[in-house]
Amino acid sequence: MFQLKPGMLAMIIGSRTAAGRVNIGKSVELFGLCEPGESFVNPVTGVVTQLPHDANHPLWLVTGNVVAFDGREGYTFVRAEYLMPLDKTLLPESEQQQVVQ
């Protein structure tokens, strides 16, 4: 398994919502992992936002050519299992051999 970190580049490889499916296949920069109930400043809008306390999972706030659930462009929230790092050294060895150089 790999560890995602803020500042890394990743590709969105899945989504559980229809709104999120438009972002599949897009590359993004990871901004931060947001835990349920945590407040943070959105780097695109500059607005302090809070992930709801009753959120089921922590979500990565990512930036790039993506669309959020409310239609705003430039950022979105993604579950970790739907992100694949674009730095091949972080992939399992079996997958490193499959990366196009």
Run through V28, T45, V62 and flag the one making a side chain to side chain contact (heavy atoms under 4.5 Å, CB included) with Y75. T45

If you count heavy atoms of other groups shown closer than 6.0 angstrom to CD of E73, is the number above 12? no

Verdict with reasoning, F40 to T49, per side-chain contact (heavy atoms from CB on, under 4.5 Å): CA-CA 6 Å; F40 54 90; T49 306; 3.9 Å; yes

Hey, are the side chains of V41 and V47 touching, using non-hydrogen atoms and a 4.5 Å cut-off? no

Are L61 and P43 close enough that some pair of their side-chain heavy atoms sits under 4.5 Å apart? yes

Note: V48 and S39 closest approach over all heavy atoms is CG1-CB, 4.4 Å

Check for a donor-acceptor pair, side chain of K26 on one end and backbone N or O of N65 on the other, with a separation under 3.5 Å. yes

CG (N42) and SG (C34) are apart, to the nearest 0.5 Å, by 9.0 Å

Let me check something: do L59 and V44 share a hydrophobic cluster, defined by ILVMFWY side-chain heavy atoms less than 4.5 Å apart, either directly or through other members? yes

Rounding to 0.5 Å, atoms CG (L51) and CZ (F77) come to a distance of 6.5 Å

Using atom types as modelled and distance alone, determine if a side-chain donor or acceptor of E29 lies under 3.5 Å from a backbone N or O of T63. no

Any side-chain heavy-atom pair of R16 and R79 under 4.5 Å: yes

Using side-chain heavy atoms (C-beta onward) and a distance below 4.5 Å, is H53 in contact with P36? no

Treating Ile, Leu, Val, Met, Phe, Trp and Tyr as nodes and any side-chain heavy-atom pair under 4.5 angstrom as an edge, say whether L86 and I13 lie in one connected cluster. yes

For T17 against G20, the heavy-atom pair lying closest together: OG1-N, 3.0 Å

Between N23 and V67, is there a donor-acceptor pair closer than 3.5 Å when you use the side chain of the first and the backbone of the second? yes

Do you reckon F31 sits in the same ILVMFWY cluster as L33, going by side-chain contacts under 4.5 Å, direct or chained? no

Just so I know, are the side chains of I12 and V66 near enough to count as touching, which here means a heavy-atom distance under 4.5 Å? yes

Please check if atom CZ in R72 has more than 12 non-hydrogen atoms from other residues, nucleotides or ligands closer than 6.0 Å. no

Rounding to 0.5 Å, atoms CH2 (W60) and CG (L4) come to a distance of 5.5 Å

